[in-house]
Amino acid sequence: MTQNILTVENLSMQFGGVLAVNNLSLNVNQGEIVALIGPNGAGKTTAFNCITGVYEPTNGCVSFLGEMMISNHPKGKMKKLYAGENKDLYKKVISHTPDKITKLGIARTFQNIRLFKSLSVFENVLVAKHLRAQQTVFSATFRLNHLEEKRAREESLDLLEEQGLLAVKDTLATSLPYGLQRRLEISRALATNPTLLLLDEPAAGMNPQETQELAEFIVQIKNKYNVTILMIEHHMDLVMKISDRIYVLDFGKLIAEGTPSEIQNNIHVIDAYLGVVEGA
Amino acid sequence: MMDKNKKILISISLVVGLFALLFILEQVMPSSSMLFVVLKKGAIFALVAVSMNLLNGFTGLFSLGQAGFMLIGAYTYAILTIPMADRAAVYQYFDGGIIGFTLSVPIALILAGIIAAIFAFLIGFPVLRLKSDYLAIATLGFAEIIRAFFQWDVLGPITNSSNLLRKFPTFSTVLYPFAVAGICIFVIVLLINSSYGRVFKAIRDDEIAAEAMGINLAKQKQLAFITSSFFAGVGGGLLAMYQSSIQASAFKASMTYEILLIVVIGGVGSITGSVLSSFLFIASSEWWLRFLDAETYIGSFHVPLMRSGFRKVVFSIIIMIVVLFYRKGIMGTKEFSIEGIGRFFRRLFAKKKEAQ
Amino acid sequence: STQKAESNVITIGVFEPSSGDNGAGGKQEVLGIEYAHSKVNTVEIDGKTYTIKLEIVDNESSTDKAPTAAQTLVSAKSSVVLGSYGSGVSIAASDVFKNANIPVIGVSCTNPQVTEGNTHYFRVCYLDPFQGTVLANFAVDQYGAKTAYILTKMGDDYSVGLGKYFKQAFEELGGTVIEETFQEGNSDFTAFLANAVKSEAGVIFAPTSTEAASLIIGQASSQGITIPLLAGDTWDSSVILDAASGSNLSVAVSTFFDEGDNSTSGAEFVSGFKAWLNSDNTKLANNGGNDIVAAVSALGYDAYMVAIEAIKAAGSADSVKINESLWNINYLGVTGNIAFDQTGDAIRDVAYIKSVNTSEKAWQFEAIQSIK
Amino acid sequence: MLKVNDLKVNYGGIEAVKGVSFEVPEKSIVTLIGANGAGKSTILRSISGLVKPRSGKIVFLGEEILGLGTEAIIPKGITLVPEGRKIFQDLSVYENLKIGAYLRKDDLTDDINMVYDLFPRLKERSWQMGGTLSGGEQQMLAVGRALMSRPKLLMMDEPSLGLAPLIVRDIFAIIREINKQGVTILLIEQNANMALHVADIGYVMETGRITLSGNGKELMANDAVKAAYLGT
Amino acid sequence: MDFFKENLPYIMAGISVGGQYALIAIGYTMVYGILRLINFAHGEIFMASGFMMVYLSAVLPWYIAIPTVIVSTVLLGFIVERVAYKPLRTAPRMSIMISAIGISYLIQNVAWYVTSGLAKQYPVIPWISNTVTIGNSTTKMVTLATPFLTLFLVSVLVVLIKYTKIGMAMRAVSRDFETSQLMGIKINSVISATFIIGSFLAAVGSVLYFSNYTTVTPISGAMPGLKAFVAAVFGGIGSIPGAVLGAFIIGISENIIKGLGWTAFSDAFTFALLIIILVAKPTGLFGEKSTDKV
Ligand SMILES: Nc1ncnc2c1ncn2[C@@H]1O[C@H](COP(=O)(O)OP(=O)(O)OP(=O)(O)O)[C@@H](O)[C@H]1O
Ligand SMILES: Nc1ncnc2c1ncn2[C@@H]1O[C@H](COP(=O)(O)OP(=O)(O)OP(=O)(O)O)[C@@H](O)[C@H]1O
Ligand SMILES: [Mg+2]
Ligand SMILES: [Mg+2]
C-alpha cells in the first residue's frame with residue numbers, strides 16, 4: 001500500500017444559494033497522477049481553492065500527510081443554508097492561509113494563468129524560493145545571506161534548464177507565448193519544493209499536439225521531482241493517457257471514481273460529461 | 001557586465017566626488033543662494049519620495065499616509081531636541097512642557113524613525129487588509145487623525161498643542177541632509193534589490209499568486225509599511241531641521257499629494273526617478289518660477305498675466321503637461337545606473353571610432 | 001545702466017502672504033507698503049541718491065512654506081524686511097532672517113513670540129496681550145457680558161494667542177469663558193454658533209482670518225444669532241462689511257487705525273491712498289474691490305516709512321547697521337507715534353474699536369479704548 | 001463578405017502578423033488554426049478595431065473598415081467572442097445577455113430564450129453575477145452574449161476553451177446551426193480537429209503568416225497539418 | 001426626547017449638510033465606479049460652480065444665473081474629463097490619479113489667481129435663502145429643502161442606472177472598456193455622461209451649499225470634497241445609495257460631535273468612523289465584494 005498524501009472528507013462549499021462542492025471525499029496517494037473531471041461548474045476549481053486555503057470550506061476537512069490541515073463546520077447563516085448530513089461533524093475549526101499550506105508542501109497552478117507580470121522568468125521562479133529561505137529582512141538587506149541567495153539562484157537556474165526555459169530566463173513572464181507561460185507556472189510551483197502539485201486545466205488553450213507534449217512533460221516532472229499530482233482537465237486524451245485514477249464531479253457531487261477505463265465506460269459519466277464515448 | 005569590484009569602486013568615487021562638489025560649492029557660493037535651499041529640501045523630499053515609492057511603487061500598496069508619518073518624525077525629533085533653556089519660550093502656554101531632557105541629534109533622528117514605525121505597526125494591523133483605494137483613503141484618514149491627535153490640547157505639555165515647535169537644533173550645511181538622506185536611500189535600495197524586494201514586487205503583481213508561492217501577505221505588507229514609515233519619519237525629522245520650526249497643521253494631505261506627484265513624475269518604481277524629480281520639483285516650485293509672481297515691466301511694457309498667484313497656475317500646467325505627455329514619468333521603471341552610463345559612453349566612443 | 005543701478009539700489013524685502021488663509025489681509029498690507037514706496041522711493045545717503053527696490057514674496061500663509069520664502073528675500077540681498085501679516089509665518093521665518101543678520105519690521109503680527117528673545121525682529125503694531133485685554137474690557141463695558149464664547153483656529157498662533165489673552169483678561173474681570181477651536185478648512189460653523197447660543201454667552205469672540213470670519217458672520221446671520229460678535233484687527237476688512245451688511249448682527253473689532261481719524265497725517269494718508277487705489281483696477285481688486293482703507297494698509301505704510309528712517313539713520317544699506325539704528329527710531333506715522341521698546345515692540349497704548357453699520361455697509365467708530 | 005489583404009500588425013517592436021491575406025465568403029464557416037502565438041487573435045482584434053494594424057486592407061461588405069474605431073465597426077454587423085471570455089463580472093447573466101444586444105432596439109425575449117435553450121445552465125443562473133460563474137459557464141455566456149447581437153459576421157476566438165467534452169460538441173453543433181441561419185462565421189480553434197470538421201475553408205498560420213489553406217477536408221488530410229495540429 | 005430637542009439644531013444642520021455632501025458624493029462614486037478613478041477635481045468643480053454663480057449673478061437675475069451656472073458647471077466637468085482623463089485611458093492608474101490631483105490644483109490655482117484669493121459673498125437667492133424658525137432654532141429654508149431635493153434626485157438617478165440601457169452600459173464600462181466596445185457601446189459617450197451627471201449634481205449641491213454657507217473661496221471645495229469622498233467610500237464606493245447614506249451619516253455625526261464640544265476632533269472623528277467601517281467591512285457599507293474569481 002502506497003502512502004496516503006491527501007485526504008478530503010465530506011468537503012462542502014456554499015456560495016449564497018449555490019452548493020458548489022457537495023460532500024466531496026477523495027484521497028491521493030504518493031506518486032499518483034489523479035485527475036478531477038466533470039462538467040463546467042461542477043465545482044472542481046472550487047475544490048482546489050478549498051484545499052489550498054483560498055476559500056474556507058463550509059464543511060468538511062482536509063488532511064495532508066496524515067495531519068489535519070483544514071476543518072470546518074457551518075456557522076451562523078451557513079448553518080441554515082447548509083443542510084448536508086455531515087453538518088455536525090468537524091467541530092474543530094482549522095484554517096490555514098494559502099501561504100501556510102504552500103509551506104506544508106502543496107503547490108498549485110491557476111485556471112487563468114497568474115504570473116508576476118513585471119518580473120522576468122527567472123525572478124518568477126526565484127520568488128517561489130523565498131519561502132524555504134532562512135533569512136530576515138536585516139540579513140537580506142545587508143547581504144549577510146549571500147550564500148543562501150546564491151544557492152536559491154543556482155537551484156532556480158537548474159530548474160529552468162530542466163524545464164527548457166533557460167533561454168528565455170530574462171524575458172518578462174507575460175511576453176512568453178501561452179504554452180511557455182503554462183510551463184513556467186508549473187515550474188514556479190515546483191520551485192516551492194512541493195509534495196503535492198495541483199494543476200488546474202494545464203492544457204487549456206493548447207492544440208492536440210501541444211497537449212500531447214504536455215502529457216509527457218507532466219509524467220516527466222512527476223518522476224523527476226518525486227511529486228504527486230492532482231489535476232483538473234477537460235482534454236480527455238490527456239486525462240485517460242496519464243492518470244492513474246479519476247474522480248468525476250457533477251453539481252458538486254462525486255458521481256464516479258476509478259481507473260481511466262472504468263470511467264470511460266461509466267454510464268453516469270458518459271451521460272453527464274463525456275457524451276458518446278470519445279472516438280479516435 | 002562590469003565586474004563587481006569595479007562597480008563598487010566607481011560608485012564610491014562618485015559619492016565622494018558628489019560630496020566634494022557640494023563642499024566646494026558651499027565655499028564658493030554665497031550661502032544665501034537659493035541653490036542650497038533646493039539642495040537641502042530636495043534631498044529631504046527625495047528620501048520621503050523614495051520611501052513612498054517603496055510602498056506605492058514596489059509593493060503596490062496605495063498608501064496616502066506619508067505626511068502623517070513625517071509629522072510623527074518631525075515632532076519626535078523636535079520635542080526631544082529642544083534645549084532645556086528654550087523650553088519655557090516654546091511651550092509658553094504650557095509652562096515649559098513636561099519633557100525634562102534633551103537628546104542628541106542623531107539619536108533623536110533615529111527615534112523619529114522608530115516612533116513613526118511603531119505607529120505604522122499599529123495602524124498597519126487593521127488597514128493593510130484593505131485593497132487599493134480603500135487602503136489609500138484609510139491611510140489618508142489616519143494621517144488626519146494623527147494630525148488632530150498631535151494638536152490635541154491635552155497633549156499640549158508634550159506637543160505644544162497646535163502651536164509652533166522651534167528652537168531645536170538645525171543644520172547649516174547642505175552636506176548633512178545629503179549624508180542622512182543618502183544613507184537612508186542606500187538602505188532602501190539594498191532592500192529593494194534583496195530577495196525581500198522581489199517578494200514585494202510579486203505581491204504588487206498578483207497577491208493571490210504570491211500567496212500561493214508561500215508568501216505571507218500580512219507579514220510582508222506590514223514589513224514594507226513599517227520600513228517605509230521609518231524612513232518617512234527620519235525624513236520628517238530632517239524636514240524639521242531644515243525648517244527650523246514646525247507645526248502639525250503643515251502636514252496635510254496636500255503634502256502627501258506633493259510627494260506622490262514627485263514619485264509619479266519620477267516614475268513609479270524608479271528610485272533614481274524619485275530622487276531626480278524631487279530636486280526638479282523643489283527647484284521649480286521654490287525657485288525657478290518665483291519670478292512669475294512679480295509684476296514685471298520690460299522697459300515700460302507691463303508683462304501681462306504676471307502677478308501674484310501666476311506661478312502656481314503655471315506650475316500646475318507644467319505638472320499637467322508632464323503627466324499627460326510623459327505618462328511613465330521621467331524614468332519609467334528604469335534606473336539610472338553606472339552600467340547605463342558606461343554603456344552610453346561606450347556607444348559614444350564606438351561611434352567616434354567609426355567616424356574616424 | 002544696470003551696473004550703475006546695482007550700486008545705487010537698496011532692496012527692501014516684503015514678506016507677506018498673498019495666498020492661503022491670510023492672503024486677503026496680506027495683500028492689503030502690501031498695498032500700504034507699495035503706496036508708501038510710490039511716495040518715497042529714494043534715500044539720500046552721504047549726498048548719494050539710492051533707489052529703493054521692493055522685493056515681494058508670497059509666504060502662502062503657511063509656516064512650512066515661510067522659511068523658503070524668507071530665503072528668497074535673503075538671496076535677493078534685502079537690507080531690511082517688512083512683514084508679515086500673521087504671526088505664525090513671522091515666527092517660523094524669524095531664524096532665516098536672523099542667520100542672515102537682516103532686521104525685520106513686523107507689520108501686523110501681534111503675537112508676543114515674534115519679537116521675544118531676539119534682537120532683529122521689530123514691529124509697528126500693538127501686541128495681543130494688549131489687544132486681548134482691550135477687547136475684554138470692551139466686552140464688559142459695552143455689552144455687559146458675563147460669559148464669553150471664544151472661537152479660535154487650531155494651529156494659528158495669532159488666533160490661539162489672542163484667544164488666550166482675551167480669556168485671561170475676561171476672567172480677571174470676573175467673567176466666564178467657553179473655548180472651542182476649529183480646524184483649517186472648516187466651513188461649517190453652525191454647530192459652533194449653536195454651542196454659543198446654548199452656553200448663553202454675552203459675546204462671541206472670534207479672532208480668525210477674514211475667510212473664516214465671513215463664513216461665521218454669514219451663518220450667524222442665517223441662524224438669527226443676536227449675540228454680539230467681537231474680534232481683533234484681522235476683521236478690520238471690507239470682507240467683513242460685505243458679509244455683515246444687510247443682517248441684524250452686531251459686529252465689533254479692535255484695530256490700529258480708523259479711517260475717520262482726523263489727526264493730520266492720517267487724513268492726508270487716507271485721501272492719498274484712496275486716490276492711488278482708484279487709479280488702478282488691480283490695486284482696487286487687491287483691496288477687496290473697494291477703496292475702504294484697512295488698518296493694515298496704514299500699518300504697512302508706517303512700517304515702510306520706519307524702514308526708510310532707519311536706513312537714513314544708519315547712513316548705509318548695510319543690514320546690521322540698519323538693525324542698530326532701528327532701536328532709536330522715533331517716527332510720527334499715520335497710525336500714531338512709533339518708537340520701539342527693548343523687545344522691539346512699538347510702544348502703544350490705545351486701540352480703536354469700530355463696529356459694522358449693517359444697513360449702510362460702513363464702519364462706525366465706537367471708542368478709543370485703553371486698558372484700565 | 002470579408003477580405004483581408006496583406007495585413008501587418010506590430011506590438012511595439014514585435015511583428016505579430018506579417019502580411020496576411022484571406023477571404024471569408026458570405027454564409028461560410030472559415031477557421032484559422034495555428035500554434036500558440038501565431039497571431040490568430042491579433043487578426044480578429046484587428047478586424048474588430050481593437051488593435052491598429054500597421055498596414056494592409058480589411059474590407060467588409062465592400063467597405064474599407066481598417067482604421068475605423070471599434071465603435072464604428074461593431075454596428076456594421078461584426079461581433080467578436082473575445083479570447084478569455086471577458087464577460088462582465090458585475091452584471092448578472094441576464095444583463096450580460098441583454099448587453100450583448102446593446103445596439104438592437106427590438107424585442108429580445110425570443111433571443112434570450114434561444115440562448116437559454118442552448119445553455120440550460122445559464123437559465124438556472126440567470127441572476128448570478130457573471131464574475132462568479134465557473135470558467136466553462138463564463139464561456140457559454142460569452143457565446144450566448146455574442147449570439148444576442150444577431151451579427152452578420154460572428155468571430156469566435158477559441159470558443160471551446162475550458163469546456164467539457166460534451167459542451168464542446170454542443171458548441172460546434174451550435175456553430176453549424178447558426179451558420180445555417182445565415183450567419184457567416186470566422187473561427188479560431190485549438191481543437192483543430194473539430195474546427196476543420198465544420199469549416200468550409202481553413203487557413204493554417206505559423207508565426208504571423210498563413211502557410212496553408214484549403215477546404216476543411218483537404219487540410220485534415222494534409223500530413224503536415226496532421227503532424228503539427230491534430231496530434232496524430 | 002430631551003436629547004432630540006437639545007440637539008435639534010445640530011441634527012438639522014447635519015441632515016442639511018449631509019444632503020449637500022450626498023450630491024457631491026454621487027459624483028465621486030459614479031466616476032469611481034466607471035473609471036476606478038478618484039476624481040480629485042470634483043470638489044474643485046463644485047467650488048468653481050460657486051464662483052460662477054458669484055460672478056454671473058452680478059450681471060444676471062438669479063433665475064437665469066442658476067441654469068447658466070448649471071450648464072457651465074456641466075461643461076467644466078466635461079472639459080476636465082476630455083483634457084485630463086481621456087488621453088490617459090490606457091495609462092497606468094497612478095498616472096490618471098496624478099492627473100486628477102494636477103487638474104484639481106490647476107482649477108484651484110486659477111481660482112486663486114482670478115479672485116486674488118479673496119473670499120466672495122454668495123448671492124442671496126429668493127426663497128431658499130430665507131430664514132425660518134423651527135422650535136427654538138432658526139435656520140435657512142435651504143436647510144429644510146436640501147434633504148428632500150437630494151432624495152428626489154438620487155431616486156431618479158438610481159432608477160436611471162438600474163433600469164435603463166445607459167445605466168447598464170455604465171456598469172459594463174466600469175469593468176471592461178474593451179469588451180464594452182465590442183458590444184457596440186461608445187465608451188467615451190458613456191464616460192462623458194457620467195461626468196455630466198456628476199457635475200450637474202455638484203452644481204445643484206453648490207447652489208444649496210453656498211446658499212447655506214454664503215462665502216466662496218478657492219479652497220471651499222476641498223473640505224466638502226474630501227468629506228463627500230469619505231462618504232462615498234463609507235457607503236461602499238460605486239454604490240449610489242451607499243454614498244447617500246454615508247453622506248447623511250457623516251453630516252449628522254460630525255455636527256453632533258461638534259455639539260458635544262469635541263470640535264477639534266470632528267474631522268478626525270469622521271475618518272475614525274470611516275476606518276472602523278472599513279475594518280469591519282473592507283469595501284464599505286454597500287460595497288460589493290470584489291468578484292475576481294480565482
Ligand atoms: N465566488 C463564488 N461566488 C458564487 N458562486 C461561485 C463562486 N465561485 C464559484 N461559484 C460557482 O460554483 C460552481 C463551481 O465553480 P467552479 O469554478 O468550481 O467550477 P469548475 O468545476 O472549475 O468548472 P470549469 O470546468 O468550468 O472551470 C459554479 O456554478 C460557479 O458559478
Ligand atoms: N498586447 C500585446 N503586447 C505585446 N505582444 C503581444 C500582445 N498581444 C500579443 N502579443 C504577441 O503577438 C504574437 C501573436 O499573438 P496572438 O495572441 O495573436 O496569437 P494567437 O495565435 O492568438 O495565440 P494563442 O493560440 O495563444 O491565442 C505573440 O507572439 C504574442 O506574444
Ligand atoms: Mg474551473
Ligand atoms: Mg489567441
Side-chain angles (χ1 to χ4, degrees), chain D residues 41 44-45 47-52 68-92 94-105 108 128-138 141-142 145-146 148-151 154-157, chain E residues 29-36 82 86-87 89-92 158-194 236-242 283-284 286-294:
Chain D
S41 302
L44 295 201
R45 292 169 62 81
I47 296 171
S48 55
L50 292 175
V51 286
K52 298 269 163 282
L68 297 182
T70 307
E71 289 161 2
I73 293 173
I74 301 300
K76 295 190 190 302
I78 298 181
T79 295
L80 172 66
V81 178
E83 190 171 22
R85 305 159 191 144
K86 300 289 169 62
I87 53 120
F88 295 108
Q89 316 222 346
D90 298 334
L91 264 50
S92 68
Y94 177 72
E95 285 175 324
N96 263 287
L97 292 177
K98 256 178 51 178
I99 209 159
Y102 186 77
L103 292 173
R104 284 172 52 187
K105 301 218 155 49
L108 303 177
Q128 193 172 336
M129 286 295 143
T132 60
L133 293 175
S134 84
E137 290 162 349
Q138 292 187 357
L141 184 55
R145 184 182 61 185
M148 289 298 296
S149 67
R150 295 224 187 138
L154 177 61
M155 306 193 291
M156 299 183 161
D157 200 341
Chain E
T29 230
M30 283 182 61
V31 169
Y32 186 89
I34 291 198
L35 292 179
R36 306 279 133 177
R82 284 291 146 116
K86 186 165 170 244
R89 279 288 190 268
T90 53
V158 168
V159 169
L160 179 85
I161 289 190
K162 260 233 146 92
Y163 301 107
T164 65
K165 217 164 165 177
I166 177 91
M168 193 165 73
M170 280 179 178
R171 284 181 291 145
V173 170
S174 76
R175 262 312 175 111
D176 190 340
F177 287 168
E178 212 173 271
T179 314
S180 302
Q181 280 180 315
L182 285 178
M183 300 298 116
I185 299 172
K186 295 192 167 50
I187 56 166
N188 286 329
S189 320
V190 171
I191 291 170
S192 292
T194 314
I237 196 153
S239 152
I240 287 175
T283 49
F286 292 161
E288 282 148 25
K289 273 215 208 110
S290 72
T291 45
D292 289 331
K293 196 167 167 290
V294 180

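Residue numbers start from 1 in every chain, and the chains themselves are labelled A, B, ... in the order their sequence lines are given, proteins ahead of strands.
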Partner residues of D:E95 under the salt bridge (Lys or Arg N to Asp or Glu O under 4.0 Å) criterion, sequence neighbours left out: E:R171
Partners passing salt bridge (Lys or Arg N to Asp or Glu O under 4.0 Å) against E:R82 (at least two apart in sequence or in another chain): none
Within-4.5 Å side-chain heavy-atom neighbours: D:I74 and E:M183: no
Nearest heavy atoms of D:G130 and D:I87, plus distance in Å: O-CD1, 3.1 Å
Contact summary for D:F88 and E:T179, nearest pair of heavy atoms: CZ-C, 3.9 Å
Region of D:I99 in contact with chain E, defined by heavy-atom distances below 4.5 Å: both
Heavy-atom proximity to chain E below 4.5 Å, by part of D:A101: backbone
Pairs satisfying salt bridge (Lys or Arg N to Asp or Glu O under 4.0 Å), at least one member in residues 177-193 of chain E, at least two apart: D:R45-E:E178
Toward chain D: residues of residues 158-168 of chain E with heavy atoms under 4.5 Å: E:K165, E:M168
Side-chain donor or acceptor of D:T70 paired with backbone N/O of D:S48 under 3.5 Å: yes
